[in-house]
Amino acid sequence: MRHKTAVGDPNLVRRFVRALPLACAVSLAATPAWPAAFRTFVASYGNDTNPCTVTQPCRSFGVAIGQTFANGEVIVLDSGGYGGVTINKSVSLIAAPGVYAGVSVFQNQPGVYVDAGANDRIVLRGLSVNGQGGLDGIVVGTSGEVHIESCTVSNMNGIGIIATLGSHVRIAGSTLRSNGLDGIFFAGNHTIVVDDTQSVRNGRNGMWFSNAANGTIRRSRFTDNAYDGLVAWIDAGTGFLTVQDSEFSGNGNIGVKLWAIPGVGSPFLGASLDRVSSARNNESGVEVVALGAGNVNATLSNSHVVWNAGFGVTGSYDGVALVTVSGSTVNHNLIAGVNAEGGAGVQVGLHDNSIALNGGNDIRQAGAATVRVFGTNATTGNASDVSGTLTSVSRQ
Amino acid sequence: VGGSADATIRDSAATANGEHGLVVSPSVGAPRVTVTGGEFSRNGSDGISVDPGLANEIRFSLFAASVARNDARGVLLDSARANAVLRASIAASQIAANTAFGVSFGAAAGGVAYGRISHCSVNENGNVGLLSAGTTGAVMSIKGNTVARNGVADVRQLSFAVLYTFGDNALTGNGSSDVLGSLTSRSLR
């Protein structure tokens, strides 16, 4: 067990505070005296003294937003760089397919900073946020809904998309690539949905999901990141995470990490992973850890966990870790296929799985942990298939 | 896929090529090649062909893919030379209507092959659905598959190869033509 990052990192808070004045300056600069419109336009040939119309577009997002009514749209007319921006109301920034809408992020600036009302809805579509010494790409502060669609955030020194205050964040069809820390960092009592998104080759985790939150991940990939593919880390309250049709492979540590680590009270994490692939990670494929008063209920079904250098699936420690694995393939992992170890609160149930050809053992039980089997799992067929004791349970 | 590096192929299609859809044959080391999703169909020879090439070992997995209507085998897993090792898993995939075998698995003299086929549909292939052939170094096990309506047999063990079954595979149900050769039963846990 290793702590390589910390929830509640004060650096994250300081990062907001440092970024705010600069971002506000970008937003408030040179607002012209033109009547506002429901739809405004920016272009590489535009000028911020223009009225932001289609024939007289503005040059920057910040000025165009100032010229746009709440719930209006800012349209990018052609490819170019449009600068960092603070968004303080309901608005959509839209670049059509085929138009490159770049946001270069320089030192001590956020790329796109959302600091709006608690009920405001913001849409970012088709933006390319590229770090040029800047810290974080898209920073979601106070907001009602933020939809990040078909955006790319790359080469930031910090985090690709960081959301700590928004109540609902949806990331769809986007790429988080080669950022210095996490691709996505999400913390707080909110909802996040990630669809059809890739978070790859980031310097820390593909995605960090923490505290009391609801998360859904579908058809997405978290691969080749320096640490873990996905970290769900609950240290207070209750969090739920649903993952479908997604991949967590080739990461430097663990494919999927599901942890309940008591910080306040008895944290609970409910996690459901269906049709997930976790392969070739340098440690375990799926790791479930519950410490002390921590509680994790995890289900892995119809999934593929192979070629990992640690365990395929492991549940451990002295909290309550209830893990069910069904209909899955857990083969070719280096240390063992399925591992359960620690206190009596660690209970792993196995039904209708292929658990074979693993190094060490296919199934390993240690300490007071329990492994329940239903007479439906296929191990390799050798004497060394099982270490420890399995508890047979009848099917009904 | 040659060379020595690990490789991942995701949600990709290799279809209607003159020869194979995908060839995995590394030149050195022990690479891990994972294929997740995708389609390998209507190729002029095998859908997927995997052998250790000149490497010491090849480690291959196929998950949630479709391999259909190829003009030879659906998937060939062959530890084709002495001292070579092949480790492979195929899971949750559909391997259907290929001209010859659905999955052909084997090892040459002095080679070793370990394979697990689980939760797959292997139907309507022209010859055998699942074939384990060659020397005693070829050890294939099958768990929870549907293997039905294949031309010659659904499951076949040939020569000295080993074919473990866990007794939970659904074959056609035609009695003697379902299985050729000798299967070795293994108990589920």
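So you know, we letter chains A, B, ... as the sequences are listed, proteins then strands, and number each from 1.
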Contact class of H332(A) relative to chain B, heavy atoms under 4.5 angstrom: side chain
Would the distance check show the side chain of R116(B) and the main-chain N or O of T379(A) forming a donor-acceptor pair, the cut-off being under 3.5 Å? yes
Report, in residue-number order, which members of residues 384-391 of chain A are under 4.5 Å from chain B by heavy-atom distance. D385(A), V386(A), L390(A)
Heavy atoms of other groups near R69(B) CZ, more than 12 under 6.0 Å: no
For a side-chain contact (heavy atoms from CB on, under 4.5 Å) check, start with the C-alpha distance between I355(A) and R189(B), then their side-chain angles and the critical distance, and finish with the verdict. CA-CA 10 Å; I355(A) 309 170; R189(B) 294 181 181 277; over 6 Å; no
I need the residue from G250(A), S303(A), G327(A) with the largest number of non-hydrogen atom pairs under 4.5 Å to chain B. G327(A)
What do you reckon, is OH of Y114(B) surrounded by more than 12 foreign heavy atoms closer than 6.0 Å? no
Which region of A279(A), side chain (C-beta onward) or backbone (N, CA, C, O), has a non-hydrogen atom less than 4.5 Å from a non-hydrogen atom of chain B, or is it both or neither? side chain
Separation between CD1 of I90(B) and OG of S354(A), rounded to the nearest 0.5 Å: 11.5 Å
Rounded to the nearest 0.5 Å, what's the gap from NE2 on H304(A) to OG1 on T36(B)? Could you check? 6.5 Å
So does D352(A) pair up with K143(B), basic N to acidic O under 4.0 Å? yes
Please report the interatomic distance NE2(H119(B)) to OG(S328(A)), rounded to the nearest 0.5 Å. 7.5 Å
Distance col, row D6(B):CG vs S249(A):OG, nearest 0.5 angstrom, shows 11.0 Å
Max heavy-atom pair count under 4.5 Å with chain A, selected residue of I142(B), D11(B), L188(B), D168(B): L188(B)
Counting only heavy atoms closer than 4.5 Å, note whether S392(A) contacts chain B via side chain, backbone, both or neither. neither
Contact check, side chains of L357(A) and R87(B), non-hydrogen atoms, under 4.5 Å: no
Counting only heavy atoms closer than 4.5 Å, note whether I117(B) contacts chain A via side chain, backbone, both or neither. neither
Is it the backbone or the side chain of D245(A) that comes under 4.5 Å from a heavy atom of chain B, or both, or neither? neither
What distance separates F166(B) CZ from T376(A) OG1, expressed to the nearest 0.5 Å? 11.5 Å
Would you please test T329(A) and S118(B) for side chain to side chain donor-acceptor pair (under 3.5 Å) and show each step? CA-CA 7 Å; T329(A) 297; S118(B) 59; 3.2 Å; yes
Interface residue of largest heavy-atom contact number with chain B, from V306(A), L350(A), N353(A), under 4.5 Å: N353(A)
Nearest 0.5 angstrom please: N308(A) CG to R32(B) CZ, how far? 8.0 Å
Counting only heavy atoms not in R170(A) (residues, nucleotides, ligands), do more than 12 fall under 6.0 Å from its CZ? yes
